[in-house]
Asker: 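Pasting a structure below so you can have a look.
Hydrogens, waters and symmetry mates play no part in the numbers below; they use all other heavy atoms, side chains included. Bear in mind the structure is a predicted one, so any value in this text is a computation, not a measurement.
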Amino acid sequence: MQQRDMQVSLAALIDALPEAALAVSNDERVLALNASAAAVFPGLRVDETLVRGWRAPDALNAIARAFASGAPQQAQWLDRVPVERQFEIHAAPVAGFPACLVVLRDVTEARRIDRMRADFVANASHELRTPLASVLGFVETLQGPAANDPAARERFLAIMRDQARRMARLVDDLLSLSRIEQNLHLRPQGVVDLSGLAHEIADSLRGLARESGATIELRAAADVFVFGDRDDLLRVIENLIENAIKYGGPAPIAVSVERAGDMARLTVRDRGPGIAAEHLPRLTERFYRVDAGASKAKGGTGLGLAIVKHIVARHHGRLSIESRPGEGSTFSIILPQAPERA
């Protein structure tokens, strides 16, 4: 087969592949590459040497081994520019052609999910282990040295109750997060009065706010309806206002509901200490806390904003967070408005 015919055949072959692929000659020239490969390697050109557009020693060694051995070879490649991506490289000689087929499989998302799963298990285990160890320690104390000490028994039982409630809150949040993730692809079809829901939650939390020295100031436009699940949106508003009460300090909390074109916006603003910029991108990560000690002392599980993010995503909405140290924090959710009440 002539060189030109070979290149045409290889081009037709790799164009049919869904992943980035290219064909390389035994003198390391690019014979063909598909559109996906061209997007990964904008500097690669057909009939030019491979190293001009791709400097990856491990991948080049795998291609050389494939030519030398006549057997498929594998390698890993980490692309750091413009964003970090990880690829599995598969290089295999093409029977009947003096060429090697190189396929790149992007495993960035799979590796990220694996890391998230491992981190999640580790964090959940740690969060449960601490109160569980505390409860077990007090049980052993009550069975031993404090068995006949009524004052110690009452004090230890109160601590055990608090720790048990902490574990129950954590389990409830984990179950809620799992349920939301399972239904993430199902967009809610109900219609909810966002203003009415905000009034309901604000009224129910005014007592908690008074205990913290805070007040809730609500300004809501009438009849702002959105497509959504009432229980889920109730949890979103409750989480945001509770966080403002816990971390906003003894100051007014401003809650507003308004229309923004064909969208509805709910905003919760506190006048607390604020959050440094480096923490903002990670606030919705599971178990991420700006101040772990303060969060645990206030009964936080580290899952509240993760739940908010997933619920808002399921409702095809957006969550925005703005904060500066010393200037408080503003949390906003933007949801599609329902055109009518029914």
Asker: Check whether any side-chain heavy atom of Val103 sits under 4.5 Å from a side-chain heavy atom of Leu17, and report yes or no.
Answerer: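 Val103 vs Leu17: side chains touch.
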Asker: Give a yes-or-no answer on whether the side chains of Thr108 and Asp106 include a donor-acceptor pair shorter than 3.5 Å.
Answerer: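 There is such a pair (donor and acceptor under 3.5 Å, judged by atom type) between the side chains of Thr108 and Asp106.
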Asker: For Arg269 and Ser329, does a side-chain donor sit closer than 3.5 Å to a side-chain acceptor?
Answerer: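 Not at all, the side chains of Arg269 and Ser329 share no donor-acceptor pair under 3.5 Å.
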Asker: Is Leu78 reachable from Ile89 through a run of hydrophobic residues whose side-chain heavy atoms are each under 4.5 Å from the next?
Answerer: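 No: no chain of side-chain contacts under 4.5 Å links Ile89 to Leu78.
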Asker: Do Trp54 and Phe87 have their ring centres less than 6.0 Å from each other?
Answerer: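 Centroid distance Trp54-Phe87: not below 6.0 Å, so no.
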Asker: Short question: side chain of Asn34, backbone of Ala21 - any donor-acceptor pair under 3.5 Å?
Answerer: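 Yes, because the side chain of Asn34 sits within donor-acceptor range (under 3.5 Å) of the backbone of Ala21.
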Asker: Starting at OG of Ser212, measure out to CD1 of Ile245 and round the result to the nearest 0.5 Å.
Answerer: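 Going from the OG atom of Ser212 to the CD1 atom of Ile245 covers 6.5 Å.
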Asker: Atom CZ in Arg65, atom CD in Gln73: separation rounded to 0.5 Å?
Answerer: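 Separation between the atoms: 4.5 Å.
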Asker: What's the verdict on side-chain contact (heavy atoms from CB on, under 4.5 Å) for Phe156 and Val139, showing C-alpha distance, side-chain angles and the deciding distance?
Answerer: CA-CA 8 Å; Phe156 292 161; Val139 168; over 6 Å; no
Asker: Can you check whether Val226's main-chain N or O pairs, donor with acceptor, with His315's side chain at less than 3.5 Å?
Answerer: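 No; zero donor-acceptor contacts below 3.5 Å.
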Asker: Is it true that the side chains of Ser204 and Glu200 contain a donor and an acceptor less than 3.5 Å apart?
Answerer: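 Note: Ser204 and Glu200 side chains miss the donor-acceptor criterion.
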Asker: In terms of hydrophobic clusters joined by side-chain contacts under 4.5 Å, are Ile334 and Ile321 together?
Answerer: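 In one cluster: no.
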Asker: Counting only heavy atoms not in Arg259, do more than 12 fall under 6.0 Å of its CZ?
Answerer: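 Atom CZ in Arg259 is crowded, with more than 12 foreign heavy atoms closer than 6.0 Å.
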Asker: Test salt bridge (Lys or Arg N to Asp or Glu O under 4.0 Å) on Glu211 and Arg206 and set out the steps.
Answerer: CA-CA 9 Å; Glu211 292 176 6; Arg206 292 190 195 279; over 6 Å; no
Asker: Using atom types as modelled and distance alone, determine if a side-chain donor or acceptor of Arg52 lies under 3.5 Å from a backbone N or O of Leu44.
Answerer: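 No, the answer is negative, given that no donor and acceptor are paired below the 3.5 Å cut-off.
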Asker: Look up atom CG in Leu218 and atom CD1 in Ile201, then write down how far apart they are to the nearest 0.5 Å.
Answerer: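 Separation between the atoms: 11.0 Å.
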Asker: Between Asp270 and Tyr247, does a side-chain contact (heavy atoms from CB on, under 4.5 Å) hold up when you go through it step by step?
Answerer: CA-CA 8 Å; Asp270 65 61; Tyr247 308 113; 5.9 Å; no
Asker: Dump the intermediate steps for side-chain contact (heavy atoms from CB on, under 4.5 Å) on Met160 and Gln163, then the final yes or no.
Answerer: CA-CA 5 Å; Met160 291 166 63; Gln163 295 296 331; 5.8 Å; no
Asker: Looking at Gly328, is its backbone amide N or carbonyl O close enough to the side chain of Ser323 to form a donor-acceptor pair, meaning the two atoms are under 3.5 Å apart?
Answerer: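 Looks like yes, one N/O pair under 3.5 Å.
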Asker: Are Phe41 and Val30 close enough that some pair of their side-chain heavy atoms sits under 4.5 Å apart?
Answerer: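 Not in contact.
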Asker: Let me confirm one number: the CD1-CD distance from Ile275 to Glu327, rounded to the nearest 0.5 Å.
Answerer: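 If we round to the nearest 0.5 Å, Ile275:CD1 and Glu327:CD are 12.5 Å apart.
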Asker: Looking at CG of Leu197 and CD1 of Ile237, how far apart are the two atoms once the value is rounded to the nearest 0.5 Å?
Answerer: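 Rounded to the nearest 0.5 Å, the CG-CD1 separation comes to 4.0 Å.
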Asker: Please give me the minimum heavy-atom distance between Ala32 and Val46, naming the atom from each residue.
Answerer: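 That would be CA-CG2, 4.3 Å.
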Asker: Are the side chains of Arg29 and Glu48 in contact, using a 4.5 Å heavy-atom criterion?
Answerer: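 No, every pair of side-chain atoms sits at 4.5 Å or beyond.
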Asker: Decide, yes or no, whether a salt bridge links Arg235 with Glu242 under the criterion of side-chain N to carboxylate O below 4.0 Å.
Answerer: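 No, this pair does not count.
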Asker: Okay, side chain of Asp58, backbone of Ala75: is any donor-acceptor separation there less than 3.5 Å?
Answerer: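 Not confirmed, Asp58 side chain does not pair with Ala75 backbone.
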Asker: Taking all non-hydrogen atoms of both residues into account, name the closest pair between Ala221 and Val224 and its distance.
Answerer: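 Looks like O-CG2, 3.6 Å.
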Asker: Same cluster or not: are Met263 and Phe331 linked, directly or through other Ile, Leu, Val, Met, Phe, Trp or Tyr residues, by side-chain heavy atoms under 4.5 angstrom apart?
Answerer: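 Cluster IDs for Met263 and Phe331 differ.
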Asker: Under 3.5 Å, is there a donor-acceptor pair between the side chain of Thr267 and the main chain of Ser256?
Answerer: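 Pair absent, no side-chain N/O of Thr267 close to backbone of Ser256.
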Asker: Taking the side chain as every heavy atom from C-beta outward, state whether Val107 and Glu88 have any atom pair closer than 4.5 Å.
Answerer: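 They are in contact (side-chain heavy atoms under 4.5 Å apart), so the answer is yes.
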Asker: What's the separation between atom CD1 in Ile333 and atom CG in Leu240, rounded to the nearest 0.5 Å?
Answerer: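 Rounded to the nearest 0.5 Å, the CD1-CG separation comes to 6.5 Å.
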Asker: Tell me if the CG atom of Asp27 is crowded by more than 12 foreign heavy atoms within 6.0 Å.
Answerer: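 Yes, CG of Asp27 has more than 12 neighbouring heavy atoms, counting only those of other groups under 6.0 Å.
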Asker: Flag the pair Glu217 / Val255 as yes when at least one side-chain heavy-atom distance between them is below 4.5 Å, and no otherwise.
Answerer: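 No, their side chains stay 4.5 Å or more apart.
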Asker: Does any part of the side chain of Leu101, heavy atoms only, come nearer than 4.5 Å to the side chain of Val24, both counted from C-beta?
Answerer: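 Val24 does not reach Leu101 side chain to side chain.
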Asker: Does a side-chain heavy-atom distance below 4.5 Å link Tyr288 with His279?
Answerer: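 When only atoms from C-beta onward are counted, His279 and Tyr288 do touch, with a gap below 4.5 Å.
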Asker: Could you check whether any side-chain heavy atom of Arg314 comes within less than 4.5 Å of a side-chain heavy atom of Asp232, counting everything from C-beta outward?
Answerer: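 SC-SC contact between Arg314 and Asp232 confirmed.
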